[in-house]
> 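Handing you this structure, nothing more for now.
Note that the structure is predicted; figures quoted are calculated from it, not measured.
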Amino acid sequence: MEMINRLDHFVLTVENIQQTCDFYGNVLGMEVKEFGEGRKALHFGQQKINLHEAGNEFEPKARSPLPGSADLCFISDEPLEKLLEHLKQNGVAVEEGPVSRTGASGTIQSLYIRDPDGNLVELSNYE
């Protein structure tokens, strides 16, 4: 029995919601949407990332929510060369890559960057 078939959303705890929205919206092209009572989420594909401000999280929450503790991998259809140029134009340093890694469905080529909270963000293409 396959109980789980996809990821709908996850929560990222951040220091500054606006700074996070600017980074993920402007640099990574996610759509920033407001929902509920002024909450923010980052939408891409059929998924979203809900944002919680550190010290001001919504209940229920993770046991130890901390900014900068996530390690995320996003798949892009854009060639890594184009992503590298876009990151350079936006003043985002690449920590590593392109390097070969193993994704959920096979081999990927990846670049590693950091978001404003220091979360590790992997940008990848399937081979």
> Which value, rounded to the nearest 0.5 Å, describes the distance between E96 atom CD and R101 atom CZ?
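Rounded to the nearest 0.5 Å, the CD-CZ separation comes out at 5.0 Å.
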> Counting distance only, does the side-chain N/O of N125 pair as donor-acceptor with the main-chain N or O of E78 below 3.5 Å?
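Yes, the answer is positive, given that a donor and an acceptor are paired below the 3.5 Å cut-off.
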> Using side-chain heavy atoms (C-beta onward) and a distance below 4.5 Å, is I108 in contact with I75?
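Touching, per the 4.5 Å side-chain cut-off.
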> If you draw a 6.0 Å radius around CG in D8, do more than 12 non-hydrogen atoms from other residues or ligands fall strictly inside?
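Yes, because the 6.0 Å sphere around CG of D8 holds more than 12 heavy atoms from other groups.
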> Over all heavy atoms of both residues, which pair between L123 and L80 is shortest? Give the atoms and the distance, please.
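Shortest heavy-atom separation between L123 and L80 comes out as O-CD2, 3.9 Å.
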> With no hydrogens and no angle check, do the side chains of Q19 and N16 hold a donor and an acceptor under 3.5 Å apart?
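No, no side-chain donor-acceptor contact under 3.5 Å.
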> Do you know which two heavy atoms are closest between I17 and H52, and how far apart they sit?
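Closest approach of I17 to H52, heavy atoms only: CD1-C, 4.3 Å.
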> Are D115 and Y24 close enough that some pair of their side-chain heavy atoms sits under 4.5 Å apart?
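Yes. Closest side-chain heavy atoms under 4.5 Å.
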> Check whether the side chains of N50 and K48 place a donor and an acceptor atom closer than 3.5 Å, and report yes or no.
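Distance-only check passes for N50 and K48.
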> Test L111 against E122 for side chain to side chain contact (heavy atoms under 4.5 Å, CB included), laying out the working first.
CA-CA 6 Å; L111 304 172; E122 183 179 353; over 6 Å; no
> Any donor-acceptor pair under 3.5 Å linking the side chain of E81 with the backbone of P79?
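No.
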> Answer yes when E34 and R39 have at least one side-chain N-carboxylate O distance shorter than 4.0 Å, and no when they do not.
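No, no charged N to carboxylate O under 4.0 Å.
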